[in-house]
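Beneath this line is the structure, given in structure tokens, with notes to follow.
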Amino acid sequence: MEKIAVVDFGGQYTHLIARRIRQLGVYSEVVPADAAAGDLAGYKGIILSGGPSSVYAPDAPDCDDGIFSLGLPILGLCYGHQLMSHKLGGEVKRGLVHEFGPADLKPATGTGKASPLFKNVSASSTVWMSHGDEVSRLPAGFETIGSTADCLQAAVGDAARKFYGLQFHPEVTHSAEGAQMLKNFLEVCGCALDWSMKDYVATLEDKIRAQCEGRKVFLLVSGGVDSTVAFELLNRALGADRVLGLHIDNGLMRKDESADVLNFMRAQGFDNLKIKDGTATFLSNLKGVTEPEAKRKIIGETFLHVKDAALAELNLNPREWMLAQGTIYPDTIESGGTKHAAVIKTHHNRVQGILDLMAEGLVVEPLAELYKDEVREVGLMLGIPANLIDRHPFPGPGLGVRLLCAAGNTEPVDAAAIARAEEVLETKGLGGEVLPVKSVGVQGDARTYAHPCLIRGTRDWRAADAAATDLLNRVRAVNRVVLEVAAEAGPYQPVAQECTRERLDFLREADALCTAALKNNDLYAAVWQMPVVLLPLSKGGRPVLVLRPVSSSEAMTARFAELPFAVLDALWKELAALGAGSLLYDVTHKPPGTIEWE
Ligand code: XMP
């Protein structure tokens, strides 16, 4: 099978590049920066990704020099473009102008000048830039094949060796003709552009068979899209007698979820699925734990203990059974699972116990290269019903993360943050307050843990968005903004809160009401996901809930979604009847907020 390697230098868009190439009809996979040239010899071409470093930084990621002697076409993007010029004898310098966002690329024209990389590309094409450094002198054999007003060497090429470098990002959709440029590169590589997701299913099955040779496989089935698709694939690749699914009820699931999972799997004809109720173990392990990463790690490790107990009960030898997981690409990147990425949060499928099993080669993750929407595509192809495939994503640690814990008044807001927020709110003519809780966010590719700022006094999403942007840019102590939809009288006060059965049951009921409101109003398909969050706060002595509806396409970035206020008002009545004291609505994009609160 023809395939393209994308060498990872820690860029935001590395996997997006691989994905775009697949969308264009050629299989593509990401390889680490330190991959040996010999390992890349079987590819049709190599793309060097972007990355946050400068080539002159002491710890700048490098690649094997040998890849330039493989005789393969190479495309360097942003950092990859600079690194290639630097390594082949050119020069990179600090750009006079730092360019971020759109720029106008003019491909070189004239006899012998027009590059195959810009076939069918306009004379003036919008491209997306994000860089400080730039190439200032070209290596021997290269010429300029395109420039922008602020970047002379925006596109360079050595047609004889088929080496090309682009300072901009053709992989992002904001680069209007970026897909055409990537397609042109694939043509330079001599690729047939005939690969499709259908072939991928066959590839995945082959990979599973090779990896699991001589072993049986035990899959933790949460009932979400990813694990369901992984289960179906494993069954196809290995046969049902070598696969056992285990659904562990961790007590952190949504209402009726475990029963639904079992019913669905039976309807699909699977009888190799067991259910184990681990609620008591999970809740006892979480007792007294409030810090979000600690909770995640406990939940992840408890999955493994409960799994081992289940294996023992079934008299199965753990050494004969590999562990399979429905891990997808964003799980790995957020857990700091690639060499140059920061830990935003530890996903349940990336805790130490799992990493140890991985080091022994005992974990199989057939979907680990894919984004959610690709998994959905594979699932539909495998004949999994659309109503299951279209379910909103739900994280493995479930309500365990969405129920924010605190030991009491442990996150008071400092006076400077209050004053700063009040200043901003005043300019917007809005009321509000910084809340004495903290949650995880992601800013500049790194984790933050900071306060939400509540705003009140508008029902206009644009005004809320503008106020949120100002607050987030100007108040360092704030990483999210929430709009107060409705609330009982009285002050917001911190309360102690843990993952107890009673608090989880309250959140479960609230979550069920919120999901029903989406479904009953035909809004379920319009949002990507809508976490419902219970804060360690009270209002008028009653619990405080946050709704976090978002639109997204792969969960790496997201916009807050705008639901009709009529729906929210009706929902508030139901939540108030359930006992809620306040309904807040998250108006933060990702970044700086993550999709989940924790
Ligand atoms: P964040 O909150 O990081 O979430 O913006 C991005 C997507 O990942 C999901 N998520 C998880 N999924 N295990 C999972 O299977 C996890 O530990 C986990 N944490 C977050 C989240 O629901 C969203 O779709």
Side-chain angles (χ1 to χ4, degrees), residues 1-11 13-51 61-85 87-88 115-117 141 156-166 169-171 178-208 210-211 329 332 338-340 366-371 374:
M1 179 180 56
E2 294 181 341
K3 52 185 185 174
I4 297 287
V6 180
V7 181
D8 180 20
F9 297 118
Y13 309 122
T14 307
H15 273 71
L16 204 51
I17 303 170
R19 177 162 170 221
R20 292 278 176 260
I21 300 297
R22 294 195 288 264
Q23 284 172 331
L24 287 166
V26 180
Y27 181 60
S28 170
E29 57 195 3
V30 173
V31 301
D34 55 9
D39 293 340
L40 301 186
Y43 290 84
K44 290 286 279 185
I46 297 172
I47 299 182
L48 306 176
S49 83
D62 196 5
C63 61
D64 187 342
D65 291 342
I67 67 171
F68 298 104
S69 314
L70 290 171
L72 295 176
I74 298 181
L75 174 64
L77 301 180
C78 198
Y79 177 79
H81 154 66
Q82 295 164 8
L83 184 70
M84 177 160 63
S85 285
K87 286 174 81 79
L88 296 179
S115 168
L117 207 62
V156 305
D158 173 343
R161 286 187 284 178
K162 299 185 179 169
F163 290 171
Y164 295 95
L166 302 178
H169 291 279
E171 69 275 22
Q180 179 64 44
M181 297 171 197
L182 292 174
K183 189 169 173 208
N184 292 338
F185 177 66
L186 296 176
E187 278 175 14
V188 168
C189 296
C191 293
L193 308 187
D194 59 358
W195 179 90
S196 77
M197 267 293 175
K198 227 190 209 134
D199 302 313
Y200 194 49
V201 172
T203 311
L204 288 175
E205 290 184 23
D206 288 345
K207 274 193 182 173
I208 293 171
Q211 214 188 335
Y329 175 67
T332 311
T338 64
K339 195 166 171 192
H340 304 285
L367 308 175
E369 280 275 318
L370 300 188
Y371 286 92
E374 292 180 301

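Bear in mind the structure is a predicted one, so any value in this text is a computation, not a measurement.
Taken to the nearest 0.5 Å, the CD atom of E171 stands 7.0 Å off from the CG atom of L182. Atom-to-atom distance recorded for C63:SG and F68:CZ is 4.5 Å, nearest 0.5 angstrom. One finds the CG atom of L40 at 4.5 Å from the CD1 atom of I46 (value rounded to the nearest 0.5 Å). Interatomic distance, NZ of K207 versus OH of Y200, reported as 5.0 Å (0.5 Å rounding). A distance of 12.5 Å separates CG in D206 from CD in Q211, rounded to the nearest 0.5 Å. To the nearest 0.5 Å, atoms CD (Q180) and CZ (F185) are separated by 14.5 Å.
Contacts classified as salt bridge (charged side-chain N to carboxylate O under 4.0 Å, His left out) and involving residues 180-198 (residues at least two apart or in different chains) are given here: K119-E187. Applying the side chain to side chain donor-acceptor pair (under 3.5 Å) test to residues at least two apart or on different chains, the pairs with a partner in residues 64-75 are D65-K87.
Within the 4.5 Å cutoff, side-chain heavy atoms of V188 are placed close to those of P73. No side-chain heavy atom of Q23 sits less than 4.5 Å from a side-chain heavy atom of W195. Contact check for L193 versus V26: side-chain heavy atoms found under the 4.5 Å cut-off. For the pair L72 and K44, the minimum side-chain heavy-atom distance is 4.5 Å or more. A 4.5 Å side-chain heavy-atom check between Y27 and E2 finds every atom pair outside the cut-off. The shortest side-chain heavy-atom distance between F9 and D62 does not fall under the 4.5 Å cut-off. Taking 4.5 Å as the limit, some side-chain heavy atom of P170 sits within range of a side-chain heavy atom of L77. Contact of the C189 side chain with the I4 side chain is registered, since non-hydrogen atoms from C-beta on lie closer than 4.5 Å.
The pair R22-E374 counts as a salt bridge, with a side-chain nitrogen and a carboxylate oxygen less than 4.0 angstrom apart.
Of the candidates V6, I47, L48, L75 forms a side chain to side chain contact (heavy atoms under 4.5 Å, CB included) with just one, namely I47.
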For L166 and H81, run side chain to side chain contact (heavy atoms under 4.5 Å, CB included): C-alpha distance rounded to whole Å, both residues' side-chain angles, the deciding distance at 0.1 Å, then the answer. CA-CA 6 Å; L166 302 178; H81 154 66; 5.6 Å; no
Step by step, work out the side chain to side chain contact (heavy atoms under 4.5 Å, CB included) result for L88 and F163. CA-CA 11 Å; L88 296 179; F163 290 171; 3.9 Å; yes
Pair I21, L186 - check side chain to side chain contact (heavy atoms under 4.5 Å, CB included), show working. CA-CA 8 Å; I21 300 297; L186 296 176; 3.9 Å; yes
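For the pair M84 and G76, the tightest heavy-atom approach, listed with the atom from each and the gap, is CE-N, 4.0 Å. In plain terms, the two heavy atoms of G66 and A37 that are nearest each other are C-CB, 3.5 Å. Among all heavy-atom pairs drawn from Y164 and A159, the shortest one is OH-CA, 3.8 Å. Here the closest non-hydrogen pair linking A18 and S28 is CA-OG, 3.4 Å.
Under a 3.5 Å cut-off, the side chain of Y79 and the backbone N or O of P61 do form a donor-acceptor pair. Between the side chain of T14 and the main chain of S49, no donor-acceptor pair closer than 3.5 Å is present.
When the salt bridge (charged side-chain N to carboxylate O under 4.0 Å, His left out) test is applied to K3, the partners found at least two apart in sequence or on another chain are E29.
Classified by interplanar angle (parallel below 30°, tilted 30° to 60°, perpendicular above 60°), the ring pair Y329/H15 is parallel.
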